[in-house]
Amino acid sequence: QFLTIAYATKVGLDDRGRVAAFDRDLRGRKESGLLPLLIYSVVAPCYSVFARQLVDPRDPLPISTFLSGAWCGPDGLGIPLSLEIRPQLLTADRGFAAWIAAQGVHLRPAPSNTSLVAFERSAQDVWFATQWRLDNEYSKPRKLDRANDAMRHYDLFTVPHHKLNS
């Protein structure tokens, strides 16, 4: 599996804590009055399965908490044998590497940045997913927890369709 943490594109957090879109061609995130949002993502490419979560960088989520949720439960990815990351993440979260080792997972820097960047970029474009099945009102800002819930449902919905088309 691959773990990436990056800034989400085309969305930001407004002053009321809602996920809102901005048009990068017309105005940037800062000019739109939006704060950046982090997108945590873990992907198991051989199964075409992934989990993502938007996080307010002012209140970061421990990586272990994100992974625990992504790996466990009925919709979880399952604990992998190895997890590949950017080398910078090894020191980004105190205790993260020790927690991973305690789970029996081999943590290592990704040998190929190309694959990691591709997974990171595909995870960053979240606007449509954050609007999934929310009151049939699209293109409206959503509270962060509701946007994450919609994205989780979107990701779970698209996996079977992707597998059928593969």
Side-chain angles (χ1 to χ4, degrees), residues 1-13 19 21 24 29 35-57 59-134 142 144-166:
Q1 292 181 8
F2 295 91
L3 170 69
T4 63
I5 298 177
Y7 286 107
T9 60
K10 303 177 188 169
V11 297
L13 200 60
V19 176
R24 290 189 310 180
R29 182 181 2 253
L35 297 171
L37 274 168
L38 291 171
I39 178 78
Y40 288 35
S41 174
V42 62
V43 62
C46 61
Y47 301 113
S48 300
V49 182
F50 54 92
R52 302 181 287 180
Q53 184 170 347
L54 290 167
V55 175
D56 183 343
D59 186 22
L61 180 69
I63 298 170
S64 56
T65 301
F66 166 72
L67 288 174
S68 181
W71 289 343
C72 301
D75 302 325
L77 295 169
I79 297 175
L81 296 174
S82 67
L83 183 67
E84 296 185 12
I85 62 172
R86 286 188 183 269
Q88 301 91 313
L89 285 181
L90 286 170
T91 58
D93 185 346
R94 194 176 323 166
F96 163 62
W99 181 84
I100 290 288
Q103 307 311 306
V105 176
H106 179 68
L107 182 64
R108 63 181 182 202
S112 167
N113 257 357
T114 306
S115 298
L116 202 58
V117 168
F119 293 127
E120 191 175 87
R121 284 192 180 151
S122 67
Q124 286 176 295
D125 192 3
V126 298
W127 178 245
F128 183 77
T130 63
Q131 298 294 297
W132 183 254
R133 299 176 68 183
L134 288 177
R142 305 284 179 202
L144 185 57
D145 60 340
R146 295 218 39 216
N148 275 319
D149 189 49
M151 188 167 52
R152 185 177 60 80
H153 282 97
Y154 174 82
D155 291 347
L156 289 171
F157 177 80
T158 58
V159 167
H161 293 285
H162 176 72
K163 285 182 180 177
L164 291 172
N165 293 332
S166 297

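Bear in mind that the values here come from a model prediction, so they are computed numbers and not experimental data. Here, residue 1 is the first one in the sequence, and each next residue gets the next number. Heavy-atom basis, side chains included; hydrogens, waters and symmetry copies ignored.
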query: Atom OG1 of T130 and atom NZ of K10: how far apart are they, to the nearest 0.5 Å?
result: 12.0 Å
- request: To the nearest 0.5 Å, tell me how far I63 CD1 sits from W99 CH2.
  value: 10.5 Å
Exercise: identify the closest heavy-atom pair between V42 and A70: CG1-CB, 3.7 Å
field: Polar side chain donor-acceptor pair, W71 to Q1, under 3.5 angstrom
entry: yes
task: List the steps, then state whether side chain to side chain contact (heavy atoms under 4.5 Å, CB included) holds for M151 with I39.
output: CA-CA 11 Å; M151 188 167 52; I39 178 78; 3.9 Å; yes
query: To the nearest 0.5 Å, how far apart are CD1 in I100 and CG in L89?
result: 10.5 Å
- prompt: Which is it for L38 and Y7 under the side chain to side chain contact (heavy atoms under 4.5 Å, CB included) test, yes or no, and what are the steps along the way?
  reply: CA-CA 4 Å; L38 291 171; Y7 286 107; 3.7 Å; yes
- prompt: Are any of the side-chain heavy atoms of V19 and N148 separated by less than 4.5 Å?
  reply: no
task: Evaluate the criterion salt bridge (Lys or Arg N to Asp or Glu O under 4.0 Å) for residue pair R152 and D149; output intermediate values, then yes/no.
output: CA-CA 5 Å; R152 185 177 60 80; D149 189 49; 3.3 Å; yes
- request: Write down the atom of P87, the atom of P109, and the distance for their closest heavy-atom approach.
  value: CG-CB, 4.0 Å
field: Nearest-0.5 Å distance, OG of residue S68 to CD of residue Q103
entry: 7.5 Å
field: Straight-line distance of L107 CG to I85 CD1, nearest 0.5 Å
entry: 4.0 Å
Atom of L54, atom of A8 and distance for their closest heavy-atom approach: CD2-CB, 3.9 Å
task: Please state whether the rings of F66 and Y40 are parallel, tilted or perpendicular, taking 30° and 60° as the class boundaries.
output: perpendicular
message: For V55 versus L37, what's the shortest heavy-atom pair and its separation?
response: O-CD2, 3.6 Å
- line: In this structure, CD of Q53 is separated from CD1 of I5 (nearest 0.5 Å) by 10.5 Å
